[in-house]
Amino acid sequence: MAEISKKEKKGLSFSPEKIKLLKKEIQDIFSLKKSVEEAVNKNTSEAVESIFFGAIGLGASDVHIEPEGGSAKIRLRMDGILHDVIELQEKIQRDLLARIKLLAGMKLNVNDRPQDGRFSIFLEESEKEKISVEVRVSTLPAEFGEATVMRILNPKSLISLEELGLRKDLYELFVKEIHKPNGMIIITGPTGSGKTTTLYAFLNKIKSTETKIITIEDPIEYHLNGISQTQVNPSQGYDFASGLQSIMRQDPDVILVGEIRDPKTCQISIQAALTGHLVFSTLHTNDAAGTVSRLISLEGDVKNIGPAINLAVAQRLVRKVCKKCSRQRTLSAEELKKIKNTLPENLQNEYKLNPLSKISEIKGCENCNNTGYKGRVGIFEAIVFNDEIEKFILENPSIAAFKEKVVKEGMTTMKQDGFVKVLEGVTTIEEVEKTTGD
């Protein structure tokens, strides 16, 4: 890792000695609670250090501080689920928030309107291993005080394309599409569904000294070597549309647009894809089939959408069963029927679905905080925009009609992909159904 300069050290710093001490002290939510309880009796800075070191060590994506009238609750979001850590007195919560605001460059005397800030956490585990974790802070005036949410952007959470949990056919499709010289690949899904992780996995797979890659993001979540990254600044008139226009003059081969959210960005992105550039972006839609109607609603020209898009992908994150405590069991008759009714025949044959097929059953242990789950993996569906799909789009079909068409063409849905992961012992039927809403 790159050396952390003194100029950069404006956030929290953890020395190798401090890291070693805290690693022994904090190993799960229960020991984190004890560590924070002890730290608040010493000073606020130590309490803040315990909270964030514990959050990073336990793989939390967010830290929530929620005032409740006379007290405040600290919770961590791990694997998409919120977990209570500790309840603190109101005065301690105010002291903690003041310290966090100071770190994040926010105004200490403002508590009647939302604020945003950010700071870095520098972890120096050894001379060779030094990482910088970004923390985005958001405060919101609430009934009993300021509700605070802190997003943890740990570069260690970035994974390769091979680690996304893709089926072999989907992996081969993605590799083929991201190496094309032009066109658009759109990743869809709600906030927190792993879209950014997938896009960054694409960039890491294709980056080379021969390729000019430029991103425009809001904000830059992770810094990637060998890639030019720029961040929008709407207050200065620098938004996705104007930034994208400027990027087009920088002779890029690949462009990543953080999100297509307005007509002008939509139109420029489509034109870029049609004029020799490979464009990656995200949209907020429920599934891959909703991509076309969403682009049309953003004033994209229906005649250009089909030729511009190479691939539309939808994804969600499901929790993986804990490897330390889960066990295998035979499918029940009801579960077998459910999977048979969901999976097409080719996937049933590929995974040898039969009455003796085994799946994972959750239990719960210290390793997974007694949830039965540890870590998350993506479930995906992908539409390849071939000539037949392009012609069908010109008929301006409904989302339901378009989905029916692409399923007939052989698209594996997210729920089907989830059930494949059930048969592989990665997750559970309940988790897939909860995540896909079916």
Under a 3.5 Å threshold, yes or no: a donor from one side chain and an acceptor from the other, between Ser246 and Tyr238? no
Any heavy-atom pair between the side chains of Leu283 and Leu298 that's under 4.5 Å? yes
Does a donor on one side chain and an acceptor on the other come within less than 3.5 Å for Gln229 and Tyr222? no
Heavy atoms, side chains only, cut-off 4.5 Å: are Glu221 and Glu134 in contact? no
For the side chain of Glu381 and the backbone of Ala288, is there at least one donor-acceptor N/O pair under 3.5 Å apart? yes
Intermediate values then yes/no, side-chain contact (heavy atoms from CB on, under 4.5 Å), Ile65 and Met150: CA-CA 9 Å; Ile65 303 179; Met150 291 155 285; 3.7 Å; yes
If you count the non-hydrogen atoms of other residues, nucleotides and ligands that lie under 6.0 Å from CD in Glu345, is the total more than 12? no
Heavy-atom pair of closest approach, residues Ala312 and Phe385: CB-CE1, 3.7 Å
Do Ile19 and Lys23 have side chains that get closer than 4.5 Å, going by heavy atoms? yes
How far does NZ of Lys156 sit from CG of Leu123, to the nearest 0.5 angstrom? 7.5 Å
Main-chain N/O of Ala272 paired with His277 side-chain donor or acceptor, under 3.5 Å: yes
Has Asn346 got more than 12 heavy atoms of other residues, nucleotides or ligands less than 6.0 Å from its CG? yes
So, Lys421 and Glu431, do they make that salt bridge, N to O below 4.0 Å? no
Distance, nearest 0.5 Å, that separates CD of Glu124 from OG of Ser13: 6.0 Å
Do NZ/NE/NH1/NH2 and the carboxylate oxygens of Lys205 and Glu162 come within less than 4.0 Å? yes
Output a table of donor-acceptor pairs, distance under 3.5 Å, between side-chain atoms of residues 388-401 and any protein atom two or more places apart or on a different chain; print 'none' if there are none.
from	atom 1	to	atom 2	distance (Å)
Glu388	OE2	Lys405	NZ	2.7
Ser398	OG	Ala401	N	3.1

Does one side chain, of Gln250 or Ser228, offer a donor that lies under 3.5 Å from an acceptor on the other? no
Under the side-chain contact (heavy atoms from CB on, under 4.5 Å) rule, what do Val85 and Ile51 come out as? Steps first, then yes or no, please. CA-CA 9 Å; Val85 177; Ile51 291 167; over 6 Å; no
Just do the side-chain contact (heavy atoms from CB on, under 4.5 Å) check on Ile383 and Thr291 with the steps written out, would you? CA-CA 10 Å; Ile383 302 171; Thr291 301; 6.0 Å; no
Do Thr282 side-chain atoms and Ile187 backbone N/O form a donor-acceptor pair below 3.5 Å? no
Looking only at non-hydrogen atoms, find the nearest pair between Pro190 and Lys195 and report the distance. O-NZ, 2.9 Å
Got a salt bridge between Asp239 and Lys264, using NZ or NE/NH1/NH2 to carboxylate O under 4.0 Å? no
When rounded to the nearest 0.5 angstrom, what distance separates CD1 in Ile178 from CG in Asn310? 12.0 Å
Within a strict 4.5 Å, meaning less than it, do heavy atoms of the Thr215 and Leu199 side chains meet? no
Can you tell if the side chain of Tyr351 reaches within under 4.5 Å of the side chain of Leu343, non-hydrogen atoms only? no
Flag, side chain of Ser281 to backbone of Val257, donor-acceptor distance under 3.5 Å: yes
For atom CG of Asn354, is the number of surrounding heavy atoms from other residues, nucleotides or ligands below 6.0 Å larger than 12? yes
Charged N-O contact under 4.0 Å between Lys73 and Asp84: yes
How far apart are the closest heavy atoms of Ile220 and Gln231, and which atoms are they? N-OE1, 3.1 Å
All heavy atoms of Pro114 vs all of Pro141, minimum pair found to be N-CD, 3.7 Å
Quick one: closest heavy-atom pair of Ser50 and Ile26, and the distance? O-CD1, 3.8 Å
Could you report the tightest heavy-atom contact between Phe122 and Gly11, atom names first, then the distance? CE1-N, 3.9 Å
Quick one: does Ser242's side chain have a donor or acceptor within less than 3.5 Å of a partner on Gly237's backbone? yes
Test log, rule side-chain contact (heavy atoms from CB on, under 4.5 Å), inputs Leu317 and Thr435: CA-CA 7 Å; Leu317 294 175; Thr435 304; over 6 Å; no
Out of curiosity, Glu177 CD to Ile206 CD1, how far, rounded to the nearest 0.5 Å? 12.5 Å
Are Lys176 and Glu172 close enough, and set up right, to give a salt bridge (Lys or Arg N to Asp or Glu O under 4.0 Å), and what steps lead you there? CA-CA 6 Å; Lys176 176 186 171 186; Glu172 290 171 353; over 6 Å; no
Of the options Gln315, Arg167, Arg316, which is the one that meets Asp417 in a side-chain hydrogen bond (donor to acceptor under 3.5 Å, both in side chains)? Arg167
Do Thr139 side-chain atoms and Thr148 backbone N/O form a donor-acceptor pair below 3.5 Å? no
Sequence neighbours left out, what pairs pass side-chain hydrogen bond (donor to acceptor under 3.5 Å, both in side chains) with at least one residue falling in residues 366-377? Tyr373-Thr428
Side chain proximity check, His83 to Leu58, heavy atoms < 4.5 angstrom: no
Charged N to carboxylate O below 4.0 Å: is that the case for Glu259 and Arg294? no
Could you check whether any side-chain heavy atom of Leu278 comes within less than 4.5 Å of a side-chain heavy atom of Pro181, counting everything from C-beta outward? no
Please determine whether a side-chain nitrogen of the Lys or Arg among Glu430 and Lys434 lies less than 4.0 Å from a carboxylate oxygen of the Asp or Glu. no
Is it true that atom NZ of Lys207 has more than 12 heavy atoms of other residues, nucleotides or ligands lying nearer than 6.0 Å? yes
For the side chain of Ser35 and the backbone of Ser31, is there at least one donor-acceptor N/O pair under 3.5 Å apart? no
Using a distance-only test with no angle check, is there a side-chain donor-acceptor pair under 3.5 angstrom linking Thr265 and Asp262? yes
Distance from Phe419 atom CZ to Lys340 atom NZ, nearest 0.5 Å? 14.5 Å
Between the OG atom in Ser138 and the CD atom in Gln115, the distance rounded to the nearest 0.5 Å is 9.5 Å
Is Phe240 close to Ile268 at the side-chain level, that is, under 4.5 Å between some pair of heavy atoms? no
